[in-house]
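Here it is, the structure in full.
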Amino acid sequence: YNGSPDRYEWSLKGKKEIYIPYNSYKLHSDQLQYKDILQKGHINPVHTRYELHRVWVVEGVLREGTSHLYAKRTFYVDEDTWQISVADHYDGRGELWRVGEAHALNYYQVPVAWHTLEVLHDLQAGRYLVLGLDNQEKPYDFNPKISEADFTPAALRREGRR
């Protein structure tokens with residue numbers, strides 16, 4: 001989700017069952033290279049997994065007198081994790097513009113439900129954006145050793161790169 005929530009009038013539309021990205025462990029595998037996942041037009045469906053889940057449908061319509069890129073948004077919130085699994089974004093003409101998916105999994109060692117990556121499909125431009133690819137990176141460190149000194153301007157300068 002991006003943007004200020006106060007720009008929208010929110011309403012709960014109810015509960016329903018839909019297929020959402022879920023248990024995306026194959027997509028999360030450190031055995032996959034980015035070239036195995038990213039394809040022209042969409043991520044490789046061989047590595048994705050969807051399950052029929054109960055979701056709560058939440059709709060946001062842009063408030064009068066405010067502006068935002070999206071005139072309307074519909075979120076499908078997974079009833080088990082309470083995370084937005086799928087999001088529909090509409091333009092000012094009321095046309096479906098972008099569809100977002102969060103490919104969920106559990107980090108059992110923490111424990112926390114999260115996602116391995118997010119995909120935002122721009123249906124009008126015919127392109128997509130993938131956020132959170134980490135297959136070729138070090139795994140998340142859920143137990144970092146930090147102190148107050150790590151949050152000073154000097155610490156930020158030390159961490160910066162030129």
Side-chain angles (χ1 to χ4, degrees), residues 1-5 7-8 16-60 68-91 95-147 150-151 153 155-162:
Y1 177 81
N2 68 339
S4 178
R7 292 183 183 220
Y8 291 89
K16 65 195 244 181
E17 285 188 330
I18 64 170
Y19 285 92
I20 61 173
Y22 218 78
N23 287 323
S24 301
Y25 299 101
K26 188 174 180 183
L27 188 59
H28 184 67
S29 170
D30 62 2
Q31 301 302 304
L32 291 177
Q33 301 289 307
Y34 298 146
K35 65 181 172 73
D36 299 326
I37 298 169
L38 303 173
Q39 295 185 328
K40 185 176 181 179
H42 55 82
I43 62 174
N44 190 340
V46 168
H47 308 300
T48 61
R49 185 169 192 282
Y50 293 80
E51 291 183 14
L52 186 62
H53 266 249
R54 288 179 311 276
V55 296
W56 286 92
V57 182
V58 178
E59 184 179 89
H68 194 278
L69 196 58
Y70 305 125
K72 182 174 100 172
R73 304 169 125 176
T74 305
F75 297 145
Y76 301 89
V77 181
D78 174 40
E79 189 173 68
D80 294 331
T81 64
W82 294 108
Q83 293 187 22
I84 298 170
S85 295
V86 177
D88 294 336
H89 307 286
Y90 295 84
D91 65 16
E95 299 290 324
L96 183 59
W97 180 9
R98 295 179 174 156
V99 175
E101 294 182 329
H103 291 264
L105 54 83
N106 277 304
Y107 288 95
Y108 290 102
Q109 73 277 18
V110 177
V112 67
W114 197 242
H115 50 269
T116 185
L117 59 85
E118 296 175 67
V119 182
L120 185 63
H121 294 273
D122 185 328
L123 303 176
Q124 294 175 10
R127 61 183 176 225
Y128 73 105
L129 171 68
V130 177
L131 302 167
L133 280 170
D134 64 357
N135 306 70
Q136 295 175 241
E137 312 298 323
K138 291 188 291 186
Y140 291 122
D141 180 4
F142 288 106
N143 295 304
K145 310 252 185 298
I146 57 174
S147 71
D150 293 317
F151 298 93
L156 184 59
R157 280 192 296 278
R158 282 193 305 275
E159 290 296 320
R161 293 190 179 102
R162 290 186 184 237

What class does the angle between the rings of W56 and W82 fall in, given that below 30° is parallel, 30 to 60° is tilted and above 60° is perpendicular? parallel

Calculate, to the nearest 0.5 Å, the distance between atoms OH and OG1 belonging to Y107 and T116 respectively. 5.5 Å

Which atom pair, heavy atoms only, marks the closest approach of D78 to S85? CB-OG, 3.4 Å

Do D30 and N135 come within less than 4.5 Å of each other through their side chains, counting heavy atoms only? no

Under 4.5 Å between any side-chain heavy atoms of Y25 and H103, yes or no? no

Enter the distance from H53:NE2 to N23:CG here, rounded to the nearest 0.5 Å. 6.5 Å

Answer whether the closest heavy-atom distance between the side chains of I37 and N44 falls below 4.5 Å. no

Q39 vs P45 side-chain heavy atoms within contact, under 4.5 Å: yes

Any chance you could measure K145, atom NZ, to D150, atom CG, to the nearest 0.5 Å? 12.5 Å

Are any of the side-chain heavy atoms of D80 and R54 separated by less than 4.5 Å? yes

What one should report as the nearest heavy-atom pair of D122 and A125 is OD1-N, 2.9 Å

Test item: K26 and V46 side chains (from C-beta on) under 4.5 Å apart, heavy atoms: yes

What's the spacing between I20 CD1 and E51 CD if we round to 0.5 Å? 8.0 Å

Quick one: does S24's side chain have a donor or acceptor within less than 3.5 Å of a partner on A104's backbone? yes

Indicate yes or no: at least one non-hydrogen side-chain atom of V130 is less than 4.5 angstrom from one of Y34. no

Those residues at least two apart in sequence (or on a different chain) that pass ring pair (Phe, Tyr, Trp, His ring centres under 6.0 Å) with Y128 are H121

Closest non-hydrogen contact found for D91 with Q124 is OD2-NE2, 2.9 Å

Using side chain to side chain contact (heavy atoms under 4.5 Å, CB included) as the criterion, point out the one residue from T81, L52, T48, N106 that pairs with Y22. T81

Looking at side-chain heavy atoms only, is the closest gap between Q136 and Q33 below 4.5 Å? yes

Test V55 against every option in E17, K16, E79 by the side chain to side chain contact (heavy atoms under 4.5 Å, CB included) rule and name the one that passes. K16

Any idea which heavy atoms bring Y50 and P21 closest together, and the distance? CD2-N, 3.4 Å

About how many Å separate CD of Q31 and NE2 of H28, when rounded to the nearest 0.5 Å? 12.0 Å

Is atom OH of Y19 surrounded by more than 12 heavy atoms (other residues, nucleotides or ligands) closer than 6.0 Å? no

Run the ring pair (Phe, Tyr, Trp, His ring centres under 6.0 Å) test on W97 and Y70 for me, step by step, so that the C-alpha distance in whole Å, both residues' side-chain angles and the decisive distance to 0.1 Å come before the verdict. CA-CA 9 Å; W97 180 9; Y70 305 125; 5.6 Å; yes

Roughly how far apart are I18 CD1 and Y76 OH, rounded to 0.5 Å? 6.0 Å

